[in-house]
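For reference, the structure discussed in these notes is given below.
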Amino acid sequence: MLINLINNIAFLVALVAIGLIVLKRFHHDALNRQVLLGLLFGGVALLGMINPVTFAPGLIFDGRSIVLSVAGVVGGVGAAAIAAGMAAIYRYQLGGVGATVGVMVVLVSAALGVLARQWWSQRKITPSSLHYLALGVLVQLAQLAAFTQVPERAGYPFIEQAWWVLLLAYPPATMLLCLIFRDQEQRLEQQQALQAAQEAAMRERSMLRTLIDTLPDLVWLKDPKGVYLACNHRFEQFFGASEREIVGKTDYDFVDKALADFFRDKDRAAVEQSAPSVNEEEITFAEDGHREVLKTTKIPMRDETGRLIGVLGIGSDTTQQKRASRALENSERQLRFVLEGSELGFWDWDIAAGTVYRNERWATMLGYSHEEIQQTAQQWTDFVFPEDRTRAWDSIAAVLAGQSSMHRLEYRMLRKDGSQVWILDQASVMERDTEGRPLRMCGTHTDISAIKAAEEELTQHRRHLEKLVDVRTQELRQAKEAAETANIAKSAFLANMSHEIRTPLHAINGMTHILRRSGLTPQQADKLDKIDAAGRHLLEIINAILDLSKIEAGKFTLEKVPVHVGAILENSAAMLAQSARQKGIVIRTENSVKACHLLGDPTRLQQALLNYAANALKFTEHGHITLRVGEAARSQGSMTLRFEVEDTGVGIAADTLPKLFAAFEQADNSTTRRYGGTGLGLAITRKIAGLMGGDVGVSSIEGQGSTFWFTAFLARAEQLSDEPAAMAEDEAGGVIQRRHAGKRVLLAEDEPINQEIARTLMEDVGLNVDVAMNGREAIDSASTHCYDLIVMDMQMPDLDGLAATCQIRQLPGYAATPILAMTANAFAEDKARCFAAGMNDFITKPVDPDFLYQRLLAWLDRMPG
């Protein structure tokens with residue numbers, strides 16, 4: 001038995017040794033620590049059961065209760081569970097009458113150890129020796145109680161023999177083991193806490209050192225005798241030495257005696273005051289020789305007992321601040337000098353102190369001396385003209401509140417003698433505190449009395465001028481109304497004259513055309529030609545006058561239709577061909593325009609070119625005339641054409657050229673001039689070119705000929721229809737006879753001669769013509785007959801052609817019947833009115849038979865059947 005006890009004691013010693021190693025090695029690894037402790041305590045429990053004290057077969061006695069309870073206390077639930085599991089399984093395998101009791105002892109011992117650990121932990125109790133001793137007693141009492149449960153009272157002999165061992169020896173052993181493991185755990189925790197504190201201190205010291213070294217200020221620490229204890233990197237630059245070389249030395253080792261004495265005196269002053277000492281000093285850095293102005297603060301350092309341990313010094317570089325301060329002072333001196341020289345009154349309001357500084361000019365503006373001006377804001381208020389005080393303070397208050405960036409106001413102030421002076425006051429807040437409250441406001445006063453007087457004088461002048469302008473405007477309005485009335489009268493007169501002249505011209509030209517078809521002698525034909533030429537010449541004059549009148553009245557409109565440049569040249573040359581042949585003159589055409597599609601007004605282009613060409617033919621006796629067109633400019637969407645007419649005529653004198661393009665002007669305006677004409681052709685060409693975005697010009701040498709030119713801006717199109725072929729009179733009339741002979745036409749015309757001419761022309765090509773004397777008769781005829789086409793005059797008695805057309809369109813079957821206006825009203829407004837009334841075409845009198853047949857054919861071809 002003794003040997004077994006000794007073995008158990010040895011096992012416990014080994015348990016302690018190995019357990020301490022496990023606790024130390026796996027102190028930070030809870031899982032591995034519990035597993036290893038469980039295996040360790042379970043293994044020792046197995047060794048005890050291998051070498052037990054046997055009281056009877058199947059009834060053994062060992063130290064497993066001590067081991068397993070300590071396992072619960074030291075290792076907790078995990079370790080106790082592993083150890084108890086190993087011991088219970090092994091004890092069960094050993095068998096015997098005490099097997100069940102043995103397993104019970106294993107489980108109860110481990111459970112009591114775990115429960116004790118948790119109880120102490122929840123109550124945050126650090127268990128003492130008595131706690132552990134009490135646990136040991138409780139475990140052994142539980143073991144004794146368990147032995148009473150051995151069958152056939154086999155455990156009682158064990159109780160009688162071993163109770164004193166269990167109660168006297170085992171509890172102290174349990175206490176001893178728990179104390180050993182507790183002390184080890186406490187020692188480990190203390191070591192860990194110490195290590196953490198040391199690491200934290202090292203980190204804090206490193207951070208503090210890094211912070212001090214990275215500060216832009218110089219930092220140093222001296223002992224009471226002036227010996228350096230520490231310094232930062234910036235201080236090392238000052239001495240030009242490392243901290244290791246500086247520590248243990250004094251200022252006298254690095255700077256001259258005078259400066260070292262200065263430093264030492266400031267150290268003593270800080271110590272004597274027992275408070276921070278601040279001074280300013282300029283030093284030279286030994287590292288690179290540059291100088292800095294330092295604001296130095298020295299603070300006495302004391303320990304917990306109040307004993308002086310040294311002086312802490314901090315030096316801040318204020319070089320830039322000093323420079324800025326000096327610059328500001330210089331700037332303020334310069335500003336005051338400028339203000340004094342510029343006759344500006346200056347004021348500086350210290351809002352916090354409630355004082356206002358004002359310069360001498362500020363006072364003299366108001367007739368005071370500088371000494372008479374008080375430094376208060378109230379005095380300024382008293383000087384402001386009473387009616388202006390509210391708005392003046394409102395403007396300043398807005399700036400003070402941050403609602404406006406600048407105070408700028410004109411107001412009146414009272415002078416010492418009671419008179420008023422106009423002041424321009426301009427000011428801004430110069431300084432605010434951290435919360436945005438204004439601390440300082442500065443401004444200037446400018447005497448603007450002279451400016452105000454000048455403004456008042458200008459105001460009076462302006463009012464006088466406004467009255468004059470009103471009177472003049474009234475006069476101009478009356479003149480404009482008179483001009484408009486005259487212009488209306490002129491337009492009415494021209495329209496009436498056009499109608500009155502065109503009507504007889506229509507009769508002359510029409511009768512001439514009819515007479516030519518009746519067969520004439522050569523002498524009669526010659527006379528008719530002269531009558532026809534005179535009529536056409538008169539028509540050209542009327543057209544020219546009307547065109548110029550339209551242009552000047554702004555009623556001249558341009559079309560935007562396909563333009564065939566070659567056709568314009570050829571048509572113009574063809575119109576002059578007969579006259580040119582009679583004079584023996586050759587007409588040439590030159591077209592250098594590359595093929596492209598253009599949009600413009602071909603009629604007006606041809607009119608402008610014909611004006612030049614007719615003049616060239618008039619003033620050329622021999623030689624040739626060239627009609628020419630070329631490109632002046634080209635872009636992606638437009639083209640500018642240049643038309644020229646060159647002749648070999650008499651030429652023009654240089655002093656006459658400037659007035660050629662004026663209306664009613666000619667190269668020869670004398671009563672003995674050789675060539676006729678109205679002088680309107682060139683003026684009209686200039687107007688047409690201007691409307692087309694172009695210009696006109698001429699070059700001429702007297703006796704050698706002239707070249708007239710004009711330009712026109714035309715739009716370019718993607719694609720245009722092919723150029724239409726011209727149709728001769730005989731051809732158009734013949735086509736009408738072949739296609740439309742017998743078709744019924746209504747002619748509404750009140751002038752008998754015009755009736756006869758129009759009727760004859762239409763009947764000559766096989767049309768059946770009914771005549772109506774006015775619009776009313778035209779409506780009646782249309783109501784009772786069915787007409788294929790209607791030719792309608794505009795001006796007729798009883799009911800005009802416009803009203804008649806509107807009513808005819810309402811008749812059944814006449815919604816699409818062609819109605820052609822044939823009238824002496826040649827204005828664009830007349831044409832628009834005809835189309836608005838429902839007419840399809842517009843033919844002006846005097847009518848050209850060729851043109852009449854072409855228009856008749858065009859509309860008859862459109863009618864079905």
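The main-chain N or O of Asn774 is never found under 3.5 Å from a side-chain atom of Asp750 such that the two would form a donor-acceptor pair. Using a distance-only test at 3.5 Å, with no hydrogens or angles considered, no donor-acceptor pair links the side chain of Ser638 to the main chain of Arg634. The main-chain N or O of Pro752 is never found under 3.5 Å from a side-chain atom of Glu756 such that the two would form a donor-acceptor pair. Without hydrogens or angle criteria, Thr784 side chain to Ser781 main chain gives a donor-acceptor distance under 3.5 Å. Using a distance-only test at 3.5 Å, with no hydrogens or angles considered, a donor-acceptor pair links the side chain of Thr711 to the main chain of Asp695. A donor-acceptor contact shorter than 3.5 Å is absent between the side chain of Thr640 and the backbone of Glu631. No side-chain donor-acceptor contact under 3.5 Å links Ser700 to the backbone of Ala654. Panel note: side chain Thr656, backbone Ile652; no donor-acceptor pair is recorded below 3.5 Å. Judged by distance alone, the side chain of Asn768 and the main-chain N or O of Gly742 form a donor-acceptor pair under 3.5 Å. A distance-only check finds no donor-acceptor pair linking the side chain of Arg739 to the backbone of Gly734 [under 3.5 Å].
Ion pairing between a basic and an acidic side chain is recognised when a charged N comes within 4.0 Å of a carboxylate O; Arg744 and Asp770 show such pairing. Residues Asp830 and Arg833 are paired through a salt bridge, judged by an N-O separation under 4.0 Å between the basic side chain and the carboxylate. For the pair Asp793 and Lys845, the salt-bridge criterion is met [side-chain N within less than 4.0 Å of a carboxylate O]. Ion pair Arg477/Glu475 not flagged as a salt bridge, since none of the NZ, NE, NH1 or NH2 atoms sits closer than 4.0 Å to an Asp/Glu carboxylate oxygen.
By the 30° and 60° cut-offs, the orientation of the rings of Tyr612 relative to Phe708 is tilted.
With a 4.5 Å cut-off on side-chain heavy atoms, Pro562 and Leu599 count as touching. In this structure, Asn611 and Gln607 have side chains that are in contact, with non-hydrogen atoms separated by less than 4.5 Å. Contact check for Asp848 versus Leu852: no side-chain heavy atoms found under the 4.5 Å cut-off.
Here the CG-NE2 distance, from Leu746 to His785, works out to 10.0 Å after rounding to the nearest 0.5 Å. Taking CG of Leu767 as the start and OH of Tyr853 as the end, the distance is 8.5 Å to the nearest 0.5 Å. Here the straight-line distance linking atom CD1 of Ile843 with atom CZ of Arg855 works out to 7.0 Å at 0.5 Å rounding. Atom NZ of residue Lys687 and atom CZ of residue Arg604 lie 14.5 Å apart, to the nearest 0.5 angstrom. Here the straight-line distance linking atom SG of Cys806 with atom CE of Met839 works out to 8.0 Å at 0.5 Å rounding. Between Leu569 atom CG and Leu605 atom CG the span is 10.5 Å, to the nearest 0.5 Å.
For residues 577-594, every residue pair satisfying the salt bridge (charged side-chain N to carboxylate O under 4.0 Å, His left out) rule, not counting sequence neighbours, is listed here: Glu590-Arg628.
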Practice item. Kindly determine whether Phe643 and Leu641 satisfy side chain to side chain contact (heavy atoms under 4.5 Å, CB included), including the steps that lead there. Key: CA-CA 6 Å; Phe643 291 87; Leu641 299 181; 3.9 Å; yes

Check your understanding: What do the steps show when you test Leu598 against Arg716 for side chain to side chain contact (heavy atoms under 4.5 Å, CB included), and what is the final call?
Key -> CA-CA 5 Å; Leu598 301 174; Arg716 297 180 64 182; 3.9 Å; yes

Point to revise | Worked check of side chain to side chain contact (heavy atoms under 4.5 Å, CB included) between Ile625 and Glu646 | key: CA-CA 6 Å; Ile625 296 173; Glu646 179 185 283; over 6 Å; no

Practice item. Step by step, work out the side chain to side chain contact (heavy atoms under 4.5 Å, CB included) result for Leu789 and Lys743. Key: CA-CA 8 Å; Leu789 185 142; Lys743 285 192 175 180; over 6 Å; no

Check your understanding: Step by step, would you call Glu829 with Lys831 a salt bridge (charged side-chain N to carboxylate O under 4.0 Å, His left out)?
Key -> CA-CA 5 Å; Glu829 298 86 13; Lys831 184 176 182 179; over 6 Å; no

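Val791 and Val745 get closest at one heavy-atom pair: CG2-CG1, 4.3 Å. Scanning both residues, Gly766 and Gln737, for their nearest heavy atoms gives N-CG, 4.2 Å. Nearest heavy atom pair, residue Gly600 against residue Val563, reads N-CG2, 3.3 Å. Nearest heavy-atom pair across Met792 and Ala748 is SD-CB, 3.4 Å. The two atoms that bring Tyr814 and Ile808 nearest to each other are CB-O, 3.2 Å, heavy atoms only. When all heavy atoms are compared, the tightest approach of Met794 to Cys834 is SD-SG, 3.4 Å.
There is no side-chain donor-acceptor pair under 3.5 Å between His624 and Asp647. Side chains of Thr589 and Glu570: a donor on one and an acceptor on the other come within 3.5 Å. With 3.5 Å as the limit, one finds a donor-acceptor pair spanning the side chains of Asp841 and Trp859.
Atom CD of Gln578 is surrounded by 12 or fewer heavy atoms from other residues, nucleotides or ligands within 6.0 Å.
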